[in-house]
Amino acid sequence: MVDRVFVADAAWLGGDTLAGPTAVGMSGDTVGWVGPPAAAPPEVAQTRVDGILLPGLTDHHVHTALIDSAELLTNGITTLLDLGGVPDELWPLVERSRHDPRLPRIRAAGPFLTAPGGYPTRQAWAPPGIALEIDDPPSAAAAVESLLPYRPVTIKVALNSEAGPVIDDVTLRTVVRVAATNGLPVTAHTQGIGQTLRAYRAGVRILAHTPWTEALTDDLIDGLTRGTTMISTLDIHGWGAPTDGRDTALHNLRRFHAAGGRVRYGSDLGNGPLPLAVNAREIAALAEAGLTPIDVLHAITGAPLRPGAVGDLTAVPADPTTNILALSQAITVCKAGHPG
Ligand SMILES: [Zn+2]
């Protein structure tokens with residue numbers, strides 16, 4: 001039973017090319033039907049979109065406590081991944097986002113897991129409760145297990161040896177093992193070669209940032225391409241003004257992508273002057289790192305638009321397969337079957 005239909009002259013449904021005239025029917029909170037407009041269920045009113053239909057967009061690295069999440073939905077981002085927040089504020093927001101049509105879908109890691117006194121506990125921006133401090137396998141296991149009732153989608157570990165102590169290998173491996181036992185991947189904040197290598201060897205499978213303080217070795221890049229996801233966050237280095245860190249991160253991401261690694265769009269919203277939308281500078285940086293427009297579309301969208309997929313849709317005013325910056329100009333959005 002389709003209850004709403006979006007129609008446009010073109011759509012990107014996943015894959016390598018743009019489809020022609022397309023209708024997407026929503027059925028409750030999922031996609032119920034996709035096909036040519038002439039074949040759409042005739043009894044349902046059609047919403048004509050003067051643009052290109054895409055699956056909903058995802059920002060894989062944000063801090064919702066520091067931003068207005070609702071504005072992101074208006075600007076086309078239907079799903080956010082919060083990679084570090086204070087539990088008392090974060091979990092109720094995550095819960096609210098499941099039902100509130102004004103909010104994007106918010107998925108979260110919860111607080112950082114870190115060594116006593118480790119990053120980010122000493123940072124000026126870090127509120128109390130932002131981290132769970134662990135220093136041995138029992139405290140690591142207890143910390144992961146304490147988060148499970150809140151349904152995190154990953155466990156976030158800070159491995160920033162420049163800003164304080166970091167947990168040892170046996171503690172890190174315990175986090176990874178207990179998370180894996182519960183079906184959760186571990187995401188790590190790493191910056192240079194040493195901590196990235198430790199994370200990789202311990203079984204961490206998501207890097208919250210493209211490492212930016214050192215050029216990764218070819219061997220490490222090669223290892224990371226076999227199952228590790230790298231979240232881009234390239235624009236936090238200078239926010240438009242070139243920095244050495246941006247150059248190094250670009251160099252690392254370019255090699256990782258060229259070797260077949262899995263890249264995901266992430267802005268680190270909440271960290272510095274970033275737009276409450278798809279960040280055109282981040283998109284441009286992904287292109288600079290060698291991602292084609294189709295690669296970028298895969299890095300920023302969830303499941304392809306097809307029956308059974310979550311009912312999220314974003315429309316942009318120009319063909320993103322030739323003008324990828326159009327992603328930052330969303331004109332229509334629909335989350336879980338609700339038009340934004
Ligand atoms: Zn962050």
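Heavy-atom basis, side chains included; hydrogens, waters and symmetry copies ignored. Indexing begins at 1, ligand by ligand and atom by atom, following the structure's order.
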Fill in: Under-4.0 Å salt bridge between Arg281 and Asp235
yes
Fill in: Remaining members of the apolar cluster that contains Leu73, side-chain heavy atoms under 4.5 Å
Val333
Worksheet item: Among all residues two or more places apart in sequence or in another chain, which pass the side-chain hydrogen bond (donor to acceptor under 3.5 Å, both in side chains) test with Glu71?
Response: none
Practice prompt. Would you mind checking if Arg107 and Asp82 are paired as a salt bridge, meaning a charged N to carboxylate O distance below 4.0 Å?
Written response: no
Discussion item. With 2.8 Å as the threshold, which protein atoms of type N, O or S lie near the Zn ion (ligand 1)? Leave waters out.
Written reply: His61 NE2, His63 NE2, Asp268 OD1
Worksheet entry | ILVMFWY cluster membership beyond Val24 - transitive side-chain contacts under 4.5 angstrom | Phe6, Leu13, Met26, Val31, Val34, Val49, Leu53, Leu305, Leu313, Ile331
Worksheet item: Quick one: does Thr30's side chain have a donor or acceptor within less than 3.5 Å of a partner on Val310's backbone?
Response: no
